[in-house]
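In what follows, a single structure is set out as structure tokens and then discussed.
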Amino acid sequence: MPAFHQIGHDSENLLFEAELARFGGAILSPLNYTPEEVKAQVVRLKDRLGFVTVLDPHLYRPQSDRLCLPSWSYYPKDVDTADLGSGTWWAGLVDAVAASAVDVGPTAVCSPAIVPKVFSEDFYLDLVNNGNRLEAALRGTQVSPMLTVVVNLPELSALDRVMSIASIVSRCRTQDCLLVMVSTAEPRRELADPEELKGVMRLIATLEGGGQHVTVGFSSSDMILWKAAGATNCATGKFFNLRRFTLSRFDEPGGGGGQLEYWAEESLLAFLRQSDLLRIQARELLSDASKANPYKDPILSGIPDKKRWLALGWRQFMYWFAETEYRLSTGAVSAEELIRTADDNWAKVEAAAPPLFMEERQNDGSWVRQWRRALAEFPYFR
Amino acid sequence: MPNYALEPVARAICARAGYDFGGGIAEGSFKETYLATRPDGVTLAVKVLKAGCSPERTDREIDAMKRCSHPNIGSFLELSAIEHASVTYGYLVEAFLAGGTLEDRLRSGLLDDADTLALGDALIGAVVHIAAQGLVHRDFKPANVMFPAPEAPAVVVDFGIVRDLQKTSITKSYLGMGPGTPFFASPEQLNNEKALIDWRTDQFAVGVTLSVARFGFHPYEEPGENVAQVIARVAGRKGPAARFREACAKAKLSVIERMIAAWPAERVRTPEALLSMWQQQREKK
């Protein structure tokens, strides 16, 4: 039910910020932390009642920037030369991941998965095999298995493809799965193809309808749609205000990404640069959620200290994410309401006098209309 | 009319074993079945495998039957081979199920509530067991459901096209349709979507069998449609007919509606859940 914090580069401190306590789980990162560091995080987080910790082995592109991965015993030494199509190789890897997880002691561990060149049915069958093997390896331990499901977003615009994937994935014995959407979205762009969005929503709804609990990884404000489709959890990290899970992310220089300061604004379901924020504020278009955000005053009083805003901006987004996820889960607000309000507000922005132009040309709210469409049409996408 | 071309072989088997030969009773793509009686009076079914008919399939059928041990699944007493006219024929000897098939029984009328629930108990029990062995029967239908005696629980027979999920598929990917009996087959069988075949394929066929037995029509069958039209609707995943939904609601058999969903992902996900849902439904009735 709660939002999960997807730990990234240098974001351990956010795990323990009092204002971000609404997060009910964390996806731990072996990419950015050593086994000892992750073990220490798990120990500290165990003090929180009901807090869920998930270890994601992070082998999506094993030959990419390795960072801390080589310090993990499951990380294969032959990763550059191994036949990644070999079932035996994957079986050994799954067993090693299970052993590492038992040693570190999280609530759950994800099955290892790569981002393939082609998202074939064989690929999904292999994912299920890995999930089932992980489930078998963890029987009798305190660690739960979680199936990693990697999907290619553009393919999900076809209903048959969505249902084929769901039919294979739902065969896995694991009760939980981590959904990772590979997209070609550019940084700072929203997912805005309504057919793709409907496809993701149908996939989530179908898996949840069959009794599998879906945690959507690497989500941003699109979390609203995933919750509307019935996702059990949505995960985000401090960089996911700006970027999605794309192959190019593996080619970015180390040390994290998204080094631009933004404000997450619920009234427009948009990320705003400094000047836009000030003008939106002046037009009294800031949402109640933004006004209640504990990071609002420190940001507004700190402008134009960009470095400070950058750090606070991540927090402002994450606070909004966790609170909104909570409001959606408890029925305090609906996805339809949030998106309709944003659509109406974008109409006001367009009609504003004097005109109100956003600093970035493509920050025009066009995705909100597509989200509204996806939400309305999703029940009929079957 | 069946063509019992292997009758001389069956007679030779009976002569060798000391059985009384009783004549042919069924003919399928891969085998012919003959009646025989043991000296102690026990009636047997002798199934002679056609020579040259996919030895891989025959091996998998026998292997599957060896792995299954369940009161609602047929078992064989003997597996052997005989040479006749310079050709070697494999054969199976099974206990003859004297109560006939469900297909025979439905000729005299549809099942009532109690008999439908009992049939569901038996077929779902068999499916759960078959699934636990990593197998998919792929040919659940009234003709493959037999009764050892008129009042005895149903028994599932004929593993002739069984799929072993641990082994490489024998079915060629280029074929438009996978093996199965089209009228009872799932969309994934009809479309030869091999990656989607799993125990839920059997769940679909059991759902169709229960619908035919209780309501007298296929779940996807609109009034007035012929068999080919029904099969096309299933292959095209058009979804069940309104009258089927109404019949399920009226008979309080909503689980069947879930069992015949067009996509495996929309059916009941695990065998244990199906068993539990069926039992809960029984308690509510």
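Labels below follow one simple rule: chain letters A, B, ... track the order of the sequence lines, proteins then strands, and each chain is numbered from 1.
- When heavy atoms are compared at a cutoff of 4.5 Å, B:R267 does not approach chain A at all.
- Neither the backbone nor the side chain of B:L165 comes within less than 4.5 Å of any heavy atom in chain A.
- When each of A:S164, A:A166, A:S167, A:G211 is scored by its heavy-atom pairs under 4.5 Å with chain B, the top score falls to A:S167.
- Using a 30° and 60° split on the angle between ring planes, A:F119 and A:Y124 fall in the tilted class, from 30° to 60°.
- Between chain A and the residues B:E188, B:E193, B:R200, the most heavy-atom pairs under 4.5 angstrom are made by B:R200.
- Between B:D202 and B:R138 there is no salt bridge, since no side-chain N of the basic residue sits under 4.0 Å from a carboxylate O of the acidic one.
- Of the two parts of A:D160, the backbone and the side chain both hold a non-hydrogen atom closer than 4.5 Å to a non-hydrogen atom of chain B.
- A salt bridge is defined here as a Lys NZ or Arg NE, NH1 or NH2 lying under 4.0 Å from an Asp or Glu carboxylate O, and B:D113 with B:R214 meets this definition.
- For B:R237, no part sits under 4.5 Å from any heavy atom of chain A, backbone or side chain.
- A 6.0 Å sphere centred on NZ of B:K238 holds no more than 12 heavy atoms belonging to other residues, nucleotides or ligands.
- One finds no salt bridge joining B:D198 and B:R163 here, because no Lys/Arg side-chain nitrogen approaches an Asp/Glu carboxylate oxygen to under 4.0 Å.
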